2 protein chains.
Amino acid sequence: MAAEVEVIDGIREAVLRGEFAPKQRLVEAELCEQFDTSRFVVRAALRALEAEGIVERLRNKGARIREISLTEAIEITEVRRVVEGLVAARAAAQASEADVTRLTTIGRRMREAVATGELMQYSDLNAELHATLREVAQHETANRIIERLHGQMVRHQFALSRVPGRSAVSLVQHERIIAAVARGDVADAEAAMRDHISSVIDALNALGQQASPQASR
Amino acid sequence: MAAEVEVIDGIREAVLRGEFAPKQRLVEAELCEQFDTSRFVVRAALRALEAEGIVERLRNKGARIREISLTEAIEITEVRRVVEGLVAARAAAQASEADVTRLTTIGRRMREAVATGELMQYSDLNAELHATLREVAQHETANRIIERLHGQMVRHQFALSRVPGRSAVSLVQHERIIAAVARGDVADAEAAMRDHISSVIDALNALGQQASPQASR
DNA sequence: CGCGCAGGTATTGGCTACAATACTGTAGCC
DNA sequence: GGCTACAGTATTGTAGCCAATACCTGCGCG
């Protein structure tokens with residue numbers, strides 16, 4: 001079971017790094033060799049990843065990386081909008097002074113990253129900000145759901161980060177969230193987070209428009 | 001795998017019917033006999049149920065029914081509040097005439113059930129209403145999450161249904177949701193659903209107060 | 001030349017046996 | 001009499017094996 005967790009994480013990380021393409025078949029034997037473990041462990045790992053919604057398994061046809069359509073990505077983000085809204089609200093309700101300091105520091109570094117055009121840096125800070133908010137909110141149930149949803153979104157998340165001009169737009173949204181949390185404004189923290197993620201949904205929609213104007217998928 | 005799904009459902013149903021107590025150990029051998037299957041299948045089922053958050057498994061100590069504390073039940077309901085709010089909003093946005101008819105019918109039957117004091121009937125209609133809204137909303141991602149959360153809540157849900165006077169309170173809330181969806185008022189549908197589930201959270205809190213005034217758990 | 005059928009191969013599904021680990025009860029010692 | 005250590009038992013974790021199923025290839029027939 002110790003080995004099992006490692007394999008689960010290994011495959012998950014590989015997927016997150018984009019080493020497996022969507023719809024790619026995950027042959028058990030291959031994974032055995034790749035992670036130097038037994039088929040038993042691999043099968044258990046695939047089961048777990050199926051439950052996480054990262055892979056799908058068809059009867060007698062094995063496991064593949066689950067393809068997340070754009071419409072599904074939007075659905076996922078819609079759910080994230082409300083759940084992260086809850087997290088922001090709770091963070092605002094119970095943030096300590098130290099928490100506020102951490103958040104404002106992240107905000108300042110974000111502004112610097114945008115100013116110097118360091119997109120990767122900004123993307124990391126974005127993840128850090130959301131993670132810190134979740135930590136402050138201490139809402140285990142919400143955290144679990146957000147993490148699970150996030151795991152399914154990586155591919156689209158990556159596409160999003162490459163949309164030019166997004167960082168400048170999202171910066172002010174992030175700063176509004178931080179400000180609301182800092183002054184303990186529960187309602188505005190939630191609203192700010194919702195607005196922020198709404199703009200992510202808009203960006204996803206735009207992505208779909210430009211990629212395939214006629215196809216729904 | 002066909003057998004496997006059956007066992008998963010079987011155990012889940014048993015838990016939902018309250019046949020297993022929280023913290024009760026689920027010995028693999030026992031389940032093998034009970035469902036007339038092999039340990040292999042049982043183990044797979046336990047894994048799946050672990051992913052659903054219904055059981056927990058400790059290394060070399062086996063599986064137990066996961067104990068959902070009151071605070072966790074409240075967390076779960078908080079998440080449900082925002083996600084079901086999303087569902088209600090979407091239902092309002094895209095409900096057909098037939099959908100509205102179905103919903104108003106459920107609403108009328110709810111009122112009747114309350115009038116005649118048929119609590120079980122009302123409880124069933126409650127489930128039916130929420131299920132119908134999810135169906136109308138057609139939001140797969142949200143539905144999955146709500147169902148998962150619901151599965152973890154059964155025990156507390158049961159306790160809640162026994163609180164005297166709750167049906168009368170929730171009836172008007174349900175009717176407000178139905179009315180908002182019927183006239184396509186997205187914002188009010190979400191608000192109404194949130195208010196409704198907020199009152200559920202209040203009831204849960206009250207339950208905690210009366211049960212153990214000093215203990216946090 | 002194309003379509004359908006059949007056999008072979010690859011891959012997964014399920015089972016049994018074995019190993020490792022934790023719990024429990026008992027006996028001996030302090 | 002109580003505590004500790006040891007041994008036995010119960011239960012889970014792991015591995016390898018056989019069977020079932022789907023896919024692919026080749027052959028035959030129309």
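All figures in this text were calculated on a predicted structure; none of them were measured in a lab. Below, read A as the first sequence line, B as the second, and so on, with proteins coming before strands; counting in each chain starts at 1.
When atom types are taken as modelled, the side chain of B:Glu75 and the backbone of A:Thr141 share a donor-acceptor pair closer than 3.5 angstrom. A donor-acceptor distance shorter than 3.5 angstrom exists from the side chain of B:Gln152 to the backbone of B:Glu52, with no hydrogens or angles considered.
Looking at residues two or more places apart in sequence or on another chain, you find no side chain to side chain donor-acceptor pair (under 3.5 Å) involving B:Ser167. Applying the side chain to side chain donor-acceptor pair (under 3.5 Å) criterion to B:Arg81, with sequence neighbours excluded, gives B:Ser198.
Nucleotide C:dA22: paired with D:dT9 (Watson-Crick or G-U wobble, both distances less than 3.5 Å).
Here the C1' atom of nucleotide C:dC23 and the CG atom of B:Leu58 are 14 Å apart, to the nearest Å. Between the CG atom of A:Asp36 and the P atom of D:dA15 there is a distance of 10 Å, rounded to whole Å. If you take CD of B:Gln24 and P of D:dT11, they are 13 Å apart, rounded to a whole angstrom. If you measure from atom CD of B:Glu30 to atom P of D:dA10, you get 13 Å, rounded to the nearest angstrom. Rounded to whole angstrom, the span from the CZ atom of A:Arg43 across to the P atom of C:dT11 amounts to 15 Å.
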Under-3.5 Å N/O pairs linking protein and nucleotides 7-9 of chain C:
none

Strictly under 3.5 Å: I want the nitrogen or oxygen pairs between protein and nucleotides 19-25 of chain D, one per line.
from	atom 1	to	atom 2	distance (Å)
D:dT21	O3'	A:Asn60	ND2	3.2
D:dC23	OP1	A:Lys61	NZ	3.4

Mind running side chain to side chain contact (heavy atoms under 4.5 Å, CB included) on A:Ile11 and A:Ile54 for me, showing each step along the way? CA-CA 10 Å; A:Ile11 299 178; A:Ile54 291 177; over 6 Å; no
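Side-chain atoms of B:Ser38 lie closest to C:dC15 of the nucleotides C:dT11, C:dC15, D:dC17.
A:Asp99 and A:Ser96 are linked by a side-chain donor-acceptor pair at a separation below 3.5 angstrom, with hydrogens and angles left out of the test.
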Identify all side-chain donor-acceptor contacts of residues 86-93 of chain A below 3.5 Å with residues at least two apart in sequence or on another chain.
from	atom 1	to	atom 2	distance (Å)
A:Arg90	NE	A:Ala137	O	3.1
A:Arg90	NH1	B:Glu78	OE1	3.2
A:Arg90	NH2	A:Gln138	O	3.4

May I have the list of side-chain donor-acceptor pairs in residues 124-136 of chain B shorter than 3.5 Å, sequence neighbours left out?
from	atom 1	to	atom 2	distance (Å)
B:Asn126	OD1	B:His130	NE2	3.2
B:Asn126	OD1	B:His174	NE2	3.2
B:His130	ND1	B:Glu84	OE1	3.0
B:Thr132	OG1	B:Glu128	O	2.7
B:Glu135	OE1	B:Arg102	NH2	3.2
B:Glu135	OE2	B:Arg102	NH2	3.4

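No side-chain heavy atom of B:Arg155 sits less than 4.5 Å from a side-chain heavy atom of B:Ile68.
Note on B:Leu46: nothing from the nucleic acid sits closer than 4.0 angstrom, heavy atoms only.
For a distance-only test at 3.5 Å, the side chain of A:Arg57 fails to qualify as a donor-acceptor partner of the base of C:dG13.
The shortest distance between the side-chain N/O atoms of A:Arg39 and the OP1/OP2 oxygens of D:dG16 is not below 4.0 Å.
In terms of position along DNA chain D, the nucleotide closest to B:Leu26 lies nearer the 5' end than the nucleotide closest to the other residue of the pair B:Phe40 and B:Leu26.
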